[in-house]
Structures are given as C-alpha cells and as structure tokens.
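In this chain, residues are counted from 1 in sequence order.
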Amino acid sequence: MDEQMTSGTGAHAHVVGVKSWTAYLKVLALAVLVFCVALPLAFEHGDAGHITAAVVMVLGALLVAYKFLALRAVLLYYDDVGVWVSSGVLPWQRGVFGVKWRDMDEATFEQGFWSWLTRSYNVRIGHRFTKGSEIRLTRISNGKNAMALLNTRHHDMIRDGALE
C-alpha cells in the first residue's frame with residue numbers, strides 16, 4: 001500500500017504547514033452564534049430558561065472547543081519517507097495519511113487575491129499514480145512557501161538519487 005500509517009510526527013519530522021487564522025473564523029462565528037444569540041434566547045424560555053441556558057452553554061462550549069482543537073490538530077509535515085498529514089482530536093479519529101517521496105508528483109497551491117492577502121492557501125500534494133491518494137488541504141498558513149519547500153526537497157532527492 002502506498003499510504004503508510006505512522007504514529008505521528010517523529011524526531012525527524014519537519015512541520016511545514018498548519019491551519020491558517022482564516023480557518024478559525026468559522027469557529028469564531030459558531031462561538032458568536034452560540035454565546036451571543038442562542039444563549040440569550042435560551043434564557044427567555046420561561047421557567048425552564050435557566051436549565052435550557054445551562055444546556056446550551058455546556059453543549060455550545062463543548063462544540064466550540066472540539067472544533068477549535070480539531071483545527072489545531074491538523075499538521076502537514078515531511079520526514080525521510082514522505083509527506084504526511086496528521087489530524088484528529090479523539091483517539092478513534094487520530095491518524096496519519098500521506099504520500100511517499102517516491103510516489104509524489106508535485107506540490108501545488110491555489111493562488112488568488114484572498115489567498116495572497118491572507119497568506120492562507122489551499123494546497124495539493126499529488127500522487128503520481130492515483131488521485132485518490134493525494135493530499136488536499138484547505139486554508140494552510142503560508143502554504144505557498146510550504147509547497148515550494150516540498151518541491152525543492154523532492155527535486156533534491158531525485159537529483160541525489162535517493163528515490164528509486
């Protein structure tokens with residue numbers, strides 16, 4: 001199998017990308033919706049208003065915290081074997097997937113005005129043989145520089161004969 005499951009970022013791993021601040025805007029909007037709209041409305045629920053507000057508060061806080069931690073858990077990194085994405089908050093969600101250096105096609109990013117302005121890019125690390133095994137991530141901080149670094153590293157490995 002071309003995808004290799006590893007336990008996470010090891011000693012020789014180099015993190016090249018994390019989620020940009022723009023990815024957190026959805027979490028901020030959710031927090032505003034829960035705490036500035038839903039919570040005040042819950043208090044207006046008559047006699048059960050305090051109970052309803054407590055439920056909204058607890059569930060809203062858990063949801064916002066989960067969404068925030070899920071974004072923080074996304075790491076794009078490379079090691080001697082390939083380029084990998086580590087993600088997941090809960091134990092049954094944690095995992096790593098990626099593309100081995102020998103199977104990598106190219107690393108690209110989507111350029112646009114908003115990407116340039118916010119330095120937040122959608123990135124793609126292609127697989128030479130199948131599109132199903134490629135890495136696609138949205139809103140990666142400085143993704144343009146990360147893709148340049150990965151392409152340079154890949155070309156250096158090819159030139160040095162490290163890939164067969």
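- For Asp160, there are no salt bridge (Lys or Arg N to Asp or Glu O under 4.0 Å) partners at least two apart in sequence or on another chain.
- Here Val58 sits in one hydrophobic cluster together with Leu62; the rule is ILVMFWY side chains under 4.5 Å apart, joined directly or through other members.
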Test side-chain contact (heavy atoms from CB on, under 4.5 Å) on Leu137 and Val85; report intermediate values, then the result. CA-CA 9 Å; Leu137 295 173; Val85 175; 3.8 Å; yes

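- In the hydrophobic clustering, where aliphatic and aromatic side chains (Ile, Leu, Val, Met, Phe, Trp, Tyr) are joined below 4.5 Å either directly or transitively, Leu90 groups with Tyr24, Val27, Leu30, Val34, Phe35, Leu39, Phe43, Val56, Met57, Leu63, Val64, Tyr66, Phe68, Leu69, Leu71, Val89, Trp92.
- At a threshold of 4.5 Å between non-hydrogen side-chain atoms, the residues Lys26 and Arg139 count as touching.
- For Trp84 against Val96, the heavy-atom pair with the smallest separation is CB-CG1, 3.8 Å.
- Here Ala107 pairs with Met104, Ile125, Met147, Leu150, Asn151 under the side-chain contact (heavy atoms from CB on, under 4.5 Å) rule; sequence neighbours left out.
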List the steps and the verdict of salt bridge (charged side-chain N to carboxylate O under 4.0 Å, His left out) for Asp103 and Lys100. CA-CA 5 Å; Asp103 298 333; Lys100 292 182 181 180; 5.9 Å; no

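- Atom CZ in Arg128 sits 12.5 Å away from atom OG in Ser133 (nearest 0.5 Å).
- Judged as a side-chain hydrogen bond (donor to acceptor under 3.5 Å, both in side chains), and not counting sequence neighbours, the contacts of Lys19 are Thr138.
- Scored by the side-chain hydrogen bond (donor to acceptor under 3.5 Å, both in side chains) test, Thr118 finds no partners at all (sequence neighbours excluded).
- The closest donor-acceptor contact from the side chain of Thr152 to the backbone of Ala148 lies under 3.5 Å.
- Annotation: the span from Asp80 atom CG to His12 atom NE2 amounts to 6.0 Å, rounded to 0.5 Å.
- A side-chain hydrogen bond (donor to acceptor under 3.5 Å, both in side chains) check over residues 49-60, counting only residues at least two apart or in different chains, returns nothing.
- Contacts of Arg136 classified as side-chain hydrogen bond (donor to acceptor under 3.5 Å, both in side chains), with partners at least two apart in sequence or in another chain: Glu134.
- Val55 belongs to a hydrophobic cluster whose remaining members, ordered by chain and number, are Leu59; membership requires side-chain heavy atoms of ILVMFWY residues under 4.5 Å apart, directly or through intermediates.
- Residue Val18 is tested with Leu75, Leu76, Asn142 for a side chain to side chain contact (heavy atoms under 4.5 Å, CB included); the sole match is Leu75.
- Closest non-hydrogen pair, Val16 versus Ala146, comes out as O-CB, 3.3 Å.
- Linking Ile, Leu, Val, Met, Phe, Trp and Tyr residues whenever their side-chain heavy atoms come within less than 4.5 Å places Phe97 and Tyr78 in a single cluster.
- In Arg72, the CZ atom is not crowded: 12 or fewer heavy atoms of neighbouring residues, nucleotides or ligands sit closer than 6.0 Å.
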Show your working on side-chain contact (heavy atoms from CB on, under 4.5 Å) between Ile140 and Asn122 and close with a plain yes or no. CA-CA 6 Å; Ile140 297 298; Asn122 294 339; over 6 Å; no

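- Criterion: ILVMFWY side-chain heavy atoms under 4.5 Å apart, direct or through other members. Under it, Val15 and Val81 are part of a common hydrophobic cluster.
- For the atom pair CG of Leu25 and OG of Ser120, the computed distance is 9.0 Å after rounding to the nearest 0.5 Å.
- The ring of His14 has its center no closer than 6.0 angstrom to the ring center of Tyr77.
- Among pairs with a residue in residues 106-121, none fulfils salt bridge (charged side-chain N to carboxylate O under 4.0 Å, His left out), at least two apart in sequence or across chains.
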Take Trp116 and Lys144 through the side-chain contact (heavy atoms from CB on, under 4.5 Å) test and state the conclusion after the steps. CA-CA 9 Å; Trp116 170 80; Lys144 179 180 179 178; 5.5 Å; no

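- Residues passing the side-chain contact (heavy atoms from CB on, under 4.5 Å) test with Ile51, sequence neighbours excluded: none.
- Ala73 and Gly88 get closest at one heavy-atom pair: CB-O, 3.5 Å.
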Step by step, would you call Val83 with Trp101 a side-chain contact (heavy atoms from CB on, under 4.5 Å)? CA-CA 7 Å; Val83 181; Trp101 287 117; 3.7 Å; yes

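- For Arg153, there are no side-chain hydrogen bond (donor to acceptor under 3.5 Å, both in side chains) partners at least two apart in sequence or on another chain.
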